[in-house]
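Here's the structure, in structure tokens; my notes come after.
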Amino acid sequence: MGTASRALVLGCCFLLLLVSARAVGRVETLGELQQKFDRETDGVNKAKMLRRLGDAQFDREREAAKSGDYETAGLVMEKYRDNVRAAIDALKKAHPDAERHPAGYKQLEMHIETGIREVNDLLVAVPEAYRPPLEIVKTDLLAMDNEMLRMLFPRRPGEKPLPPKANGASRPPAEEKKP
């Protein structure tokens, strides 16, 4: 390898190191992540963005709880729940069949489970007066998690499908008698 080739390789390595150092040095704030999330229209990208945004929200929630600001911690978790709902709605709009197009759905479902754990941890730490709104957040996240699982895995062995409703009837048809 000649001197010119070595200099070129060394220059490229230095340039790559400089570019990667600038990228690593840039830390987005919670507000910037929220703005990007709100502007995103693609459901899959929105679901993937929720991972970073949700982690930042959890960090903010933990800081608030540690300092005794339980109201802020609760508001952050409520915003997280709203972001999860927005991501689910965007995914449904872009790819209604989660079983055939699971991109985004799986990541979102896993992050919802993390959110449920965060709410459970927070419920243990907060005084009684701050628990009711967090219980609602927990209930909503559990419902969204179940919705995601049913969308990802609609065919469940051993589970009887619900009979179709005929003419607005709310109860299942009577079983046939066998002779």
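Treat the numbers as computed from the prediction; the structure is a model and nothing was measured.
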Looking only at heavy atoms, what is the nearest atom pair of [X] and [Y], with distance?
X	Y	answer
Leu91	Ala103	CD2-O, 3.8 Å
Phe37	Asn83	CZ-O, 3.3 Å
Ala98	Leu152	O-CD2, 3.9 Å
Ala73	Ala65	CB-N, 4.3 Å
Ala47	Leu108	CB-CB, 4.2 Å

[atom1] of [X] to [atom2] of [Y]: how many Å apart, nearest 0.5 Å?
X	Y	atom1	atom2	answer
Met77	Gln57	CE	CD	8.0 Å
Glu61	Glu78	CD	CD	12.0 Å
Leu30	Asp55	CG	CG	11.0 Å

task: I would like to know whether Met151 and Glu109 meet side chain to side chain contact (heavy atoms under 4.5 Å, CB included); could you show each step before the answer?
output: CA-CA 10 Å; Met151 291 172 69; Glu109 194 277 328; over 6 Å; no
task: Could you please spell out the steps behind the side chain to side chain contact (heavy atoms under 4.5 Å, CB included) verdict for Val119 and Leu122?
output: CA-CA 5 Å; Val119 172; Leu122 187 58; 5.6 Å; no
query: Any ion pair linking Asp89 and Arg85 (charged N to carboxylate O, less than 4.0 Å)?
result: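 A salt bridge is present here (some side-chain N lies under 4.0 Å from a carboxylate O).
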- request: Please determine if Glu128 and Arg131 form a salt bridge, counting it only when a charged side-chain N lies under 4.0 Å from a carboxylate O.
  value: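 The answer is yes: the pair qualifies as a salt bridge.
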Is the shortest heavy-atom distance from the side chain of [X] to the side chain of [Y] under 4.5 Å?
X	Y	result
Gln34	Asp38	yes
Ile112	Ile88	yes
Leu33	Met49	no
Thr139	Leu142	no
Lys66	Glu63	no
Leu141	Tyr80	yes
Tyr105	His95	yes
Leu75	Lys79	no

Run the side-chain contact (heavy atoms from CB on, under 4.5 Å) test against [X] and tell me which residues pass, sequence neighbours left out.
X	answer
Asp140	Arg81, Ile136, Met144
Asp59	Arg62
Gln35	Arg39

field: Glu113, CD: over 12 other non-hydrogen atoms inside 6.0 angstrom
entry: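 For Glu113, atom CD is crowded (more than 12 foreign heavy atoms under 6.0 Å).
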Full working for side chain to side chain contact (heavy atoms under 4.5 Å, CB included) between Lys138 and Leu134: CA-CA 6 Å; Lys138 178 183 173 182; Leu134 289 172; over 6 Å; no
field: Flag, side chain of Gln107 to backbone of Gly104, donor-acceptor distance under 3.5 Å
entry: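 Checked: pair present.
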- prompt: Taking Lys46 for the side chain and Glu40 for the main chain, is one N or O donor matched with an acceptor at less than 3.5 Å?
  reply: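 Answer holds: yes.
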message: Does the plane of the ring in His111 sit parallel, tilted or perpendicular to the ring in Phe58? Use 30° and 60° as the thresholds.
response: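 Correct class here is parallel.
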- prompt: How far apart are the C-alpha atoms of Arg117 and Asp121, what are their side-chain angles, what is the distance that settles it, and do they pass the salt bridge (Lys or Arg N to Asp or Glu O under 4.0 Å) test?
  reply: CA-CA 6 Å; Arg117 282 192 300 275; Asp121 291 346; over 6 Å; no
- prompt: Do Leu149 and Ile116 share a hydrophobic cluster (ILVMFWY, side-chain heavy atoms under 4.5 Å, transitive)?
  reply: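 Leu149 clusters together with Ile116.
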